[in-house]
Amino acid sequence: MNSRLPQRGTNGDRAKFAENFVTSRMAGFKKDMKICLTPILSETRSGPTHAYFPALASCCGTLEYLSALYTGRVNGLGWKDVYRWASIYLPQPDYNSETIRILVQAFRNAVAHRGIASGVWTDQKPGPSKGWRLTWKIYANSTRPSIRIIKEDGVIKNDPPWECKITHRVHIHLKSMELDIRKGAEGFAKDFISKPELIKPFYSCMNKLYPK
């Protein structure tokens, strides 16, 4: 791929660069996920384990990156910006607005700041989900849908220093999430050719990522 950003090329040249840029990023994403999801023997329990949260961080970071290229903004992106991209390029209703909101607020933010999701996350958004207490279970496999929010009234006893009530559990399947993101990004990359309105926000984002 020619890494030089075409400044005076035709829209076709600039669209082709954008397509190649996204495609090359997905090659890196695929490599990172392969490393994270390669099983290794656990030192704390029997059987293999995986780099679950680095893989989840890579998924969330890639979703945010693609959303930045779609919106033309780098800073101040929120779950609604991620959903704008996901609503077009990810399978629906698997990645509906509530699923994306919880993925970003409960997982992306926690993993970015602490490297691991909270043991129990309490939803504060006004509405039917206010007060939900969510915990998680993360798998390396390709079961679909890649993320499900399942009602589970119970108490966590073993991990925390006290009993913690939960109302829901989020099940995340990392391989299927990776495949969904890669397929969505492939469609996004191809759209630069047929949807010229995508080129302006892409290059607006490029100007922030690679300031002149």
Quiz item: Do Asp94 side-chain atoms and Pro91 backbone N/O form a donor-acceptor pair below 3.5 Å?
Solution: no

Quiz item: Quick one: does NZ or CZ of Arg25 land under 6.0 Å from the six-membered ring centre of Phe21, within 45 degrees of the ring axis?
Solution: yes

Quiz item: What are the two closest non-hydrogen atoms of Thr143 and Ser176, and how far apart are they?
Solution: O-OG, 2.8 Å

Self-check item: Closest non-hydrogen atom pair, Ala117 against Ala110
Solution: CA-CB, 3.9 Å

Self-check item: Side-chain donor or acceptor of Thr135 paired with backbone N/O of Gly119 under 3.5 Å
Solution: yes

Practice problem: Check the pair Lys125, Glu98 against salt bridge (charged side-chain N to carboxylate O under 4.0 Å, His left out), reporting the backbone distance first and the verdict last. | Solution: CA-CA 11 Å; Lys125 182 189 177 186; Glu98 279 297 275; 3.2 Å; yes

Self-check item: Pair Lys130 + Asp123, salt bridge at N-O below 4.0 Å
Solution: no

Quiz item: Under a 4.0 Å N-O cut-off, is there an ion pair linking Arg108 with Glu64?
Solution: yes

Self-check item: Check: Pro54 main-chain N/O paired with Ser58 side-chain donor or acceptor under 3.5 Å
Solution: no

Quiz item: So which heavy atom on Gly72 is nearest to which on Lys208, and how close?
Solution: O-NZ, 3.4 Å

Practice problem: Test ring-ring contact (aromatic ring centres under 6.0 Å, His included) on Trp136 and Phe53 and set out the steps. | Solution: CA-CA 12 Å; Trp136 43 264; Phe53 280 100; 5.1 Å; yes

Quiz item: Between Arg101 and Tyr83, is NZ or CZ placed under 6.0 angstrom from the six-membered ring centre and within 45° of the ring axis?
Solution: no

